[in-house]
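This report concerns only the one structure given below.
Since we're looking at a predicted model, the values are computed, not measured.
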Amino acid sequence: MRTISISIDESDFDKFGFVTGNLSFAELVVIVEKELSRQKLEKCINKIRNHGLPDLTMEEITAEVEAVRAERHARNRE
């Protein structure tokens, strides 16, 4: 097995939730994937807020989705 050394500043160390400097590669991948997923989720939430979706009820969202699907289905029949 080989060992690599990576330098990371304190703020990133804290942001990614590292508790030790000794990790397996698999552990590093899980931690980085989790942070990237969190960042993507935050971007999605911000997009949702910018388009007013939090103001919709689940019923309204379901109706919107069903309308889009029905329109797509109708276009595919043409």
Side-chain angles (χ1 to χ4, degrees):
M1 181 184 304
R2 291 185 156 204
T3 301
I4 63 171
S5 176
I6 299 172
S7 297
I8 183 170
D9 62 50
E10 196 67 35
S11 64
D12 286 333
F13 190 91
D14 294 338
K15 179 175 87 174
F16 281 85
F18 294 118
V19 291
T20 180
N22 296 318
L23 302 169
S24 70
F25 183 71
E27 291 170 321
L28 176 63
V29 168
V30 167
I31 290 170
V32 170
E33 284 178 339
K34 193 181 294 185
E35 174 59 21
L36 292 175
S37 294
R38 188 198 64 74
Q39 289 174 9
K40 288 177 185 177
L41 178 60
E42 192 169 315
K43 283 183 182 180
C44 289
I45 290 169
N46 287 335
K47 285 184 180 183
I48 287 170
R49 287 183 180 138
N50 291 338
H51 289 90
L53 290 180
D55 299 333
L56 297 176
T57 66
M58 281 307 295
E59 292 79 17
E60 291 170 322
I61 293 170
T62 300
E64 290 285 334
V65 169
E66 289 173 354
V68 169
R69 288 179 179 166
E71 182 180 321
R72 183 186 66 211
H73 191 262
R75 275 196 319 262
N76 288 340
R77 280 194 249 155
E78 293 175 356

Same cluster (ILVMFWY, side-chain, under 4.5 Å), Leu36 and Ile45: no

Residue pairs passing the salt bridge (Lys or Arg N to Asp or Glu O under 4.0 Å) test with at least one member in residues 24-37, sequence neighbours excluded, are Glu35-Arg38

Going only through I, L, V, M, F, W and Y residues with side-chain contacts under 4.5 Å, is there a path from Val32 to Val30? no

In terms of heavy-atom contacts, Leu28 and Ile6 come closest through CD2-CD1, 4.4 Å

Are any side-chain N or O atoms of Asn50 and backbone N or O atoms of Asn46, one a donor and one an acceptor, separated by less than 3.5 Å? yes

Does either side chain, that of Arg77 or that of His73, offer a donor lying less than 3.5 Å from an acceptor on the other one? yes

Residue Asn76 excluded, over 12 heavy atoms near CG under 6.0 Å: yes

Is there a side-chain contact between Gln39 and Lys43 (heavy atoms, below 4.5 Å)? no

Look at the side chain of His51 and the backbone N and O of Lys47, then say whether any donor-acceptor pair between them is shorter than 3.5 Å. yes

To the nearest 0.5 Å, how far apart are CD1 in Ile8 and CG in Asp14? 9.0 Å

Beyond-backbone contact of Asp12 with Phe18, side-chain heavy atoms, under 4.5 angstrom: no

Heavy-atom check, side chain of Val68 versus side chain of Arg72, under 4.5 Å: no

